[in-house]
Number of protein chains: 2
Amino acid sequence: MKAKITLKDIAKELEVSTSTVSKALNDSNEISIELREKIKAFADFYHYRPNMTALKLRNKKTMIIGVIIPEIVHHFFSEIISGIEKMANGRNYNVMVCVSSESYEKEKLNLAMLSNGSVDGVLVSIAKETLELGNYDHFKELEDYNIPLVLFDRVSNEVNCDKIVVDDEGAGYKATNYLMDIGRKRICILSTPDHVNVGALRSLGYKKAIEERGGEVDDRLLFRVNDKTDLYLQIQTYLNSLEVWPDAIIGVNEIFAAIAMKVAKEKKYKIPEDVAIIGFTDGLISQFSTPAMSTIVQHGFMMGEQATAMLLDRIQKKEPDMNYDYKVISTDLKIRESTEKIE
Amino acid sequence: MKAKITLKDIAKELEVSTSTVSKALNDSNEISIELREKIKAFADFYHYRPNMTALKLRNKKTMIIGVIIPEIVHHFFSEIISGIEKMANGRNYNVMVCVSSESYEKEKLNLAMLSNGSVDGVLVSIAKETLELGNYDHFKELEDYNIPLVLFDRVSNEVNCDKIVVDDEGAGYKATNYLMDIGRKRICILSTPDHVNVGALRSLGYKKAIEERGGEVDDRLLFRVNDKTDLYLQIQTYLNSLEVWPDAIIGVNEIFAAIAMKVAKEKKYKIPEDVAIIGFTDGLISQFSTPAMSTIVQHGFMMGEQATAMLLDRIQKKEPDMNYDYKVISTDLKIRESTEKIE
DNA sequence: TGTCAACACGAAACCGTTTTCGTAAGGTTT
DNA sequence: AAACCTTACGAAAACGGTTTCGTGTTGACA
């Protein structure tokens with residue numbers, strides 16, 4: 001239970017000044033080689049390690065970035081955190097993780113906590129509730145304190161900062177086009193309420209693809225799933241309310257697609273013969289479902305890495321720069337059994 | 001781009017001393033009410049917020065706990081992090097997350113980084129490589145610096161500290177017993193190499209259950225999946241190498257079970273009629289597979305919460321206490337379609 | 001032998017707080 | 001009127017480092 005040893009302790013023990021010890025340990029040639037070695041040996045012996053907090057105070061840098069994420073138990077988000085952690089670590093930063101649980105209040109609290117100087121920069125994916133409320137005042141605080149911010153995935157153009165998003169519109173477009181390519185006519189999309197930009201954009205791409213081929217968008221085939229009540233029931237009820245079942249379904253996330261698959265199986269529809277299904281987020285469900293699910297892969301890990309790179313670049317920039325980046329990560333369509341072409 | 005305002009700035013502006021400002025803002029009655037109000041108003045106007053780093057230095061507490069976890073993109077672990085974050089936040093602590101990626105070296109590095117005074121305590125789930133190597137010297141450093149440590153899920157009794165684990169043996173026992181209850185005779189278990197304690201313990205429970213009923217453990221039915229090569233291939237090859245297929249399979253994690261299900265379906269075995277399957281970790285795969293998978297639910301969230309509570313309790317304990325806790329969290333068996341009883 | 005640079009180290013300021021202690025001014029006791 | 005308490009504030013130390021600057025001792029050069 002030895003208390004941690006400080007510079008002062010070493011100085012006293014060796015009867016030199018703390019400045020000498022500091023310089024010696026930092027290999028300054030202001031100190032003679034013999035003394036340097038002696039001090040180093042002593043420090044080593046007692047496992048001296050500089051107090052990080054003291055360093056942070058002096059350097060005015062914490063070497064920590066904060067992350068506020070709507071939830072962690074979520075394949076896409078956990079991939080992002082993974083990417084963040086890797087990039088941050090590679091550049092000698094640490095990561096402080098906060099969860100908003102999709103709540104505006106928690107997001108605000110977290111932001112306040114992080115903006116008090118605990119971190120050098122913040123990465124945020126906006127909570128659904130915040131998006132719904134449309135209130136982004138809590139982000140101003142960061143600006144006041146001059147703490148760099150990067151929004152990822154769930155962004156808002158009411159906040160001035162760097163942003164990085166998945167090419168959601170392109171992904172919706174890509175998925176829809178592919179389904180039409182394999183001959184599907186009644187393509188249904190299970191989306192989110194419009195304030196969740198990712199859902200809205202994916203729907204937009206969906207519409208665009210259909211219209212581009214001269215088709216007409218049937219609004220009854222676009223269902224906005226409300227995530228406040230039972231998902232299964234909503235989707236089941238919706239699908240069965242259609243006079244004619246779709247021959248293809250796009251779920252804007254893994255779960256919607258998995259539920260659609262389950263409902264289809266219950267109705268004894270064959271997948272992909274009767275109905276093709278595509279999901280988003282290439283998580284475990286997609287890989288291990290039967291049939292294996294075709295998905296839009298969103299490269300969450302890469303997004304985490306790049307968001308962090310953007311943030312660190314901005315942190316390390318000396319003078320503030322009002323030109324904010326907007327980066328779009330394109331998606332890939334991973335075709336598996338749930339959409340195999342009908343010949 | 002205003003620089004953050006400090007106590008000193010306020011003091012200078014108001015022509016009082018910094019101590020007066022500090023006291024006023026902390027509502028000390030050493031300062032007259034009028035001056036107090038004046039200073040508070042001023043501070044408020046300029047959005048004064050105390051510099052956390054300075055406070056940390058003075059108080060010798062960072063209010064941060066470090067977490068080293070083998071991976072994040074993993075249902076069980078992300079649940080744990082979620083629980084950690086919640087409990088920590090509720091007790092005014094922040095969470096720094098580090099990923100070992102199952103690597104001994106990264107774990108060591110992370111530990112060294114955290115033990116330099118950045119955090120008040122550390123939560124670790126040991127990397128597989130470390131377990132395999134059996135080298136736990138890097139944990140000594142924490143002891144040297146007197147930084148509390150709690151090991152969770154993947155623990156080692158070579159490290160002296162509080163520990164919290166899932167009742168893995170009981171879980172294996174419970175699953176096996178249940179399968180025998182519904183009449184299964186050839187129960188196979190897909191486990192991990194023995195150095196991964198969770199796998200070893202689950203296998204132990206499996207054996208115990210069988211022996212308790214006077215059965216004999218058939219070693220051919222216990223397969224240790226090596227996670228360094230293709231999982232699917234290994235499990236497929238193993239299962240098909242058996243002269244007689246099992247009528248029940250226990251996968252010690254979600255993925256092993258999902259793969260087993262997939263292999264069984266390919267062989268046109270009916271689930272659960274021909275073969276019942278039970279997995280661990282009640283994640284998305286289990287919920288959305290067809291048939292829905294029976295699982296052992298491990299309460300990861302709760303484990304995260306409790307591990308954090310143990311850690312914080314120890315941090316807040318004034319005098320060191322060599323009596324370490326060992327807490328076991330019991331599991332539940334969630335029965336779904338993959339094991340429904342044959343009547 | 002006086003001047004000056006190089007060497008090797010210490011003193012002190014600094015980062016931004018809190019907190020202990022000291023003290024001047026005024027009021028209350030006796 | 002002397003002694004003592006409050007009240008209301010400031011000075012300074014402390015947390016644990018880094019860094020600038022100053023300075024005493026050498027040795028070299030003129």
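Remember, predicted model here, so these are calculated numbers, not experimental data. Lettering of chains follows the sequences in order, A, B, ..., and the numbering in each one begins at 1.
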- Each nucleotide of nucleotides 19-25 of chain D classed B (base within 4.0 Å of a protein heavy atom), S (only sugar-phosphate) or -, in 5' to 3' order, makes BBB----
- Item | Close residues, residues 48-57 of chain A, relative to DNA chain D [heavy-atom separation under 4.0 Å] | A:Tyr48, A:Arg49, A:Pro50, A:Asn51, A:Ala54, A:Leu55
- Quick check: does any side chain N or O of B:Asp325 sit under 3.5 Å from a backbone N or O of B:Lys163, one acting as donor and the other as acceptor?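 Here the side-chain-to-backbone pair does not exist.
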- Name all residues meeting the side-chain contact (heavy atoms from CB on, under 4.5 Å) criterion together with A:Lys12; count only those two or more places apart in sequence or in a different chain, and write none if there are none.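 A:Lys12 satisfies side-chain contact (heavy atoms from CB on, under 4.5 Å) with no other residue.
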- Task: Check side-chain contact (heavy atoms from CB on, under 4.5 Å) between A:Met113 and all other residues, then give those that pass, not counting sequence neighbours.
- Result: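 side-chain contact (heavy atoms from CB on, under 4.5 Å) list for A:Met113, sorted by chain: B:Asn94.
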- So how far is it from A:Glu71 CD to A:Ser78 OG, rounded to the nearest 0.5 Å? 10.0 Å
- Item | Sequence neighbours excluded - ring pair (Phe, Tyr, Trp, His ring centres under 6.0 Å) pairs with any residue from residues 84-135 of chain A |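 Found A:Tyr104-A:His138.
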- How long is the line joining CD1 of B:Ile5 and P of C:dT17, in whole Å?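 Atom CD1 in B:Ile5 sits about 10 Å away from atom P in C:dT17.
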- Query: CD1 of B:Ile31 versus C1' of D:dT6: gap in Å, rounded?
  - Reply: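 Rounded to the whole Å, the gap is 14 Å.
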- Message: Testing the 3.5 Å rule here: is there a donor-acceptor pair between the side chains of B:Ser28 and B:Asn26?
- Response: no
- Which sits closer to the 5' end of DNA chain D, B:Ser32 or A:Lys8, going by the nucleotide each is nearest to? B:Ser32
- Would A:Ser101 and A:Ser103 satisfy side-chain hydrogen bond (donor to acceptor under 3.5 Å, both in side chains), going step by step from the backbone distance to the final call? CA-CA 5 Å; A:Ser101 306; A:Ser103 141; over 6 Å; no
- Among residues two or more places apart or on two chains, list those pairs meeting side-chain hydrogen bond (donor to acceptor under 3.5 Å, both in side chains) that have a residue in residues 299-308 of chain B. B:His299-B:Asp332, B:Gln306-B:Lys327
